[in-house]
Peer 1: 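Structure incoming, see below.
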Amino acid sequence: MRFLSRLIIVALAILAVSYFLPGIKIEGGMTVDGFLLALLVALVLAVVNAVIRPILAFFAFPVTIITFGLFNFVINAFMLILVSRVIQGFAIDNFISALIGSFLISLANVIASGGGD
């Protein structure tokens with residue numbers, strides 16, 4: 001149940017970010033179709049974060065240490081770009097949009113989960 005609630009929160013955050021950030025687009029916008037697409041994006045993002053992110057984090061560990069953890073935002077942006085390449089109807093214009101979008105989605109997730117755990 002907790003996974004489903006976090007998935008819905010991330011989907012809503014993706015929808016909100018796509019509405020306010022011009023570089024990120026969800027086909028369908030703020031409709032039921034747009035929400036279902038955002039839910040699919042959130043699900044694929046969860047799978048990518050579970051499978052690919054640990055590998056990237058392992059190899060990027062020295063850079064992450066040097067940047068005091070800020071390189072994690074770059075990794076999150078790459079994960080978001082990867083998902084946009086996989087899912088048709090979800091588009092990211094450039095890396096800066098992905099970086100800002102991943103930061104806002106992470107922030108919404110932390111706020112909604114009560115400060116993180």
Peer 1: Going by the rule side-chain hydrogen bond (donor to acceptor under 3.5 Å, both in side chains), which residues pair with T64 if we only count those two or more places apart in sequence or in a different chain?
Peer 2: none
Peer 1: I want to check something: taking the side chain as every heavy atom from C-beta on, are F103 and V17 in contact at a cut-off of under 4.5 Å?
Peer 2: no
Peer 1: Does F20 have any ring pair (Phe, Tyr, Trp, His ring centres under 6.0 Å) partners at least two apart in sequence or in another chain, and if so, which?
Peer 2: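 Once residues adjacent in sequence are excluded, F20 has no partner under the ring pair (Phe, Tyr, Trp, His ring centres under 6.0 Å) criterion.
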Peer 1: To the nearest 0.5 Å, how far apart are OG in S102 and CD1 in I24?
Peer 2: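 CD1 of I24 is found 8.0 Å from OG of S102.
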Peer 1: Kindly indicate whether the side chain of L107, heavy atoms from C-beta on, has any atom under 4.5 Å from the side chain of I111.
Peer 2: yes
Peer 1: Provide the full list of side-chain hydrogen bond (donor to acceptor under 3.5 Å, both in side chains) pairs with a residue in residues 36-47, sequence neighbours left out, each pair given once.
Peer 2: none
Peer 1: Can you list the residues that meet the side-chain contact (heavy atoms from CB on, under 4.5 Å) rule with I52, with sequence neighbours excluded?
Peer 2: V48, L56, M79, L82
Peer 1: Tell me, do I14 and V10 make a side-chain contact under 4.5 Å, heavy atoms counted?
Peer 2: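 The answer is yes; the side chains approach within 4.5 Å.
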Peer 1: Ring pair (Phe, Tyr, Trp, His ring centres under 6.0 Å) with F71: which residues, sequence neighbours excluded?
Peer 2: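 For F71 there are no ring pair (Phe, Tyr, Trp, His ring centres under 6.0 Å) partners, ignoring immediate neighbours.
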Peer 1: Which residues satisfy the side-chain contact (heavy atoms from CB on, under 4.5 Å) test with L15, sequence neighbours excluded?
Peer 2: S18, I26, M30, F35, A38
Peer 1: What residues form a ring pair (Phe, Tyr, Trp, His ring centres under 6.0 Å) with F61, not counting sequence neighbours?
Peer 2: none
Peer 1: D93: which residues meet the side-chain hydrogen bond (donor to acceptor under 3.5 Å, both in side chains) condition with it, sequence neighbours left out?
Peer 2: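 side-chain hydrogen bond (donor to acceptor under 3.5 Å, both in side chains) list for D93, sorted by chain: K25.
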Peer 1: With sequence neighbours left out, which residue pairs that include part of residues 57-71 fulfil the salt bridge (charged side-chain N to carboxylate O under 4.0 Å, His left out) condition?
Peer 2: none
Peer 1: For L70, check side-chain contact (heavy atoms from CB on, under 4.5 Å) against everything at least two apart and list the hits.
Peer 2: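 So L70 forms a side-chain contact (heavy atoms from CB on, under 4.5 Å) with T67, F73.
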Peer 1: Within the 3.5 Å criterion, strictly below it, is a donor on N109 or S106 matched to an acceptor on the partner's side chain?
Peer 2: no
Peer 1: Show which residues join F59 in its hydrophobic cluster (side-chain heavy-atom contacts under 4.5 Å, direct or indirect), or state none.
Peer 2: I55, F58
Peer 1: Could you tell me which residues satisfy side-chain hydrogen bond (donor to acceptor under 3.5 Å, both in side chains) with N76, sequence neighbours excluded, listed by chain and number?
Peer 2: R53
Peer 1: Starting at CG of L21, measure out to CD1 of I100 and round the result to the nearest 0.5 Å.
Peer 2: 5.5 Å
Peer 1: Is it possible for you to say whether F78 and V51 belong to one hydrophobic cluster, with membership spreading through side-chain heavy-atom contacts below 4.5 Å?
Peer 2: yes
